[in-house]
Peer 1: 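The structure under discussion is supplied below as structure tokens; questions concerning it will follow.
For ligands, and for the atoms within them, numbers begin at 1 and follow the listed sequence. All values reported here derive from a predicted model rather than from experimental measurement.
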Amino acid sequence: MGIGEVVKAVAKVPGKVTLLGEHAVVYGQPAIVAGIDRYVVVEASDLEGDEVDVYSEDISVKGVNARLGPGGAVYTCGEAIAEKAFSYVFEAIRQIRIISETVRGAAIRIKSDMPVGAGLGTSAAVAAGTCAAYSAILGLQLDPATLAELATKAELGVQGSSSGMDAHAVCLGGVNVVNKANERLTVSRLKIRGPLPLGVVETPREAPTAHAVETVARLRSRYPDLVDRLNSDIGAIVQDGVTTIESGNLTQLGELMNINHGLLSSLGVSTAAMEEAVYSARRAGAIGSKITGAGMGGSVVYLCDTDRKLGEVNSVLRNMGMVSSAVHTVEKGVSVTLV
Ligand code: PMV
């Protein structure tokens, strides 16, 4: 397809949960991540000139507009609070401009049913969706693995560091084991017997991911042997998790999530609200629950043995005033439709 033939491209990108292994993954241990059926949708259409106009219905705040011109980004409303989320869009545009060697204008519209900063991969999904939709209107057809690499670069541009775990989880979909060794991320897909019945509870964020990672690093500098042992125990949980997931043993997966949660608490990344969500989910009948993502607030994930139980646990948590929702793992990652 030649440049200029496509009027609009719509990219749909799932969110993600880390089922097992966050934080230890920073120290070379494996982790298991899964795409979930909550989505970021990014639409890109042609715009005269070379500026990029971005509108978001619900990223951070409702109805934010920004324009990327030669002098940088200008926010016409919403500004500071949306700046972080929008910087993923602009970095993604920059990555596609580098590989396509073209500077074309575009109107980008974003819709998300996940909040930013909840540990559900929203930032990676925004970056990946922008790469996918913008590259599609330029006539490029990029596969999910390439999009994951580009979204990781966009995350690096914004955050200064990224394991690439989120970008690969949302672009590839499915349940994957990721391993970061010698600066290289390897990803291998697990065969699962059906979508996992999960729930997520959003709790108030007390600190950003970088601070949570730093907290573990500081603890490790004071107790190196102890923290290294905790990290390798988390690695062992992940190894067990691989066979457990492939054999479809949900009860055992729940137990592994519970053990993993205890170790994450030991690393100092839990909060009172997260502990309450974790134990309320178990009390209501979940077979496992844990922090998902960096912690210090953000999301808790819980696993149920049936969809019916998931509905019940979700209702109990909502009746307690928690922001809980039922989700399932999805096999499909990023997808693009040309309109
Ligand atoms: O909260 P998230 O989804 O950004 O996850 C962070 C995961 C960590 O393992 C804590 C950090 C990392 O880069 O892997």
Peer 1: Mind checking whether Lys16 has a heavy atom under 4.0 Å from ligand 1?
Peer 2: yes

Peer 1: Between OH of Tyr223 and OG of Ser266, what distance do you get to the nearest 0.5 Å?
Peer 2: 12.5 Å

Peer 1: Which residue and atom name correspond to the protein heavy atom nearest atom 4 (O) of ligand 1, and how close is it?
Peer 2: Thr209 OG1, 3.5 Å

Peer 1: CG of Asn258 to OH of Tyr302: how many Å apart, nearest 0.5 Å?
Peer 2: 14.5 Å

Peer 1: Which heavy atom of the protein is the closest neighbour of atom 9 (O) of ligand 1, given with residue, atom name and distance?
Peer 2: His23 N, 2.9 Å

Peer 1: If you count the atoms of ligand 1 from 1 in the order shown, which ones are under 4.0 Å from a heavy atom of Val25?
Peer 2: 9 (O), 14 (O)

Peer 1: Below the 3.5 angstrom mark, is there an N/O of Arg205, backbone or side chain, next to an N/O of ligand 1?
Peer 2: no

Peer 1: Run the side chain to side chain contact (heavy atoms under 4.5 Å, CB included) test on Glu246 and Ile192 for me, step by step, so that the C-alpha distance in whole Å, both residues' side-chain angles and the decisive distance to 0.1 Å come before the verdict.
Peer 2: CA-CA 5 Å; Glu246 289 198 317; Ile192 60 164; 5.9 Å; no

Peer 1: To the nearest 0.5 Å, tell me how far Tyr39 OH sits from Met114 CE.
Peer 2: 9.5 Å

Peer 1: Tell me: protein heavy atom nearest atom 13 (O) of ligand 1, and distance?
Peer 2: Ser163 OG, 3.5 Å

Peer 1: Compare all side-chain heavy atoms of Val33 with those of Glu22 and state whether any distance is below 4.5 angstrom.
Peer 2: no

Peer 1: Among all protein non-hydrogen atoms, which one is nearest to atom 1 (O) of ligand 1, and what is the separation to 0.1 Å?
Peer 2: Ala294 N, 2.9 Å

Peer 1: What are the atoms of ligand 1, with element, lying closer than 4.0 Å to any heavy atom of Gly119?
Peer 2: 1 (O), 3 (O)

Peer 1: Tell me the contacting part of Thr292 for ligand 1: side chain, backbone, both, or neither, using a 4.0 Å heavy-atom threshold, strictly below.
Peer 2: neither

Peer 1: How many angstroms lie between CD1 in Ile245 and CD in Gln252, if you round to the nearest 0.5 Å?
Peer 2: 10.5 Å

Peer 1: For atom 7 (C) of ligand 1, grab the closest protein heavy atom and report residue, atom and distance to one decimal in Å.
Peer 2: Met165 CE, 4.0 Å

Peer 1: Considering only heavy atoms of Glu22, which atoms of ligand 1 have at least one such atom less than 4.0 Å away?
Peer 2: 9 (O)

Peer 1: Could you grab the distance from atom CD1 of Ile287 to atom CD of Glu255, nearest 0.5 Å is fine?
Peer 2: 9.0 Å

Peer 1: Taking all non-hydrogen atoms of both residues into account, name the closest pair between Ser265 and Ser270 and its distance.
Peer 2: OG-CB, 3.7 Å

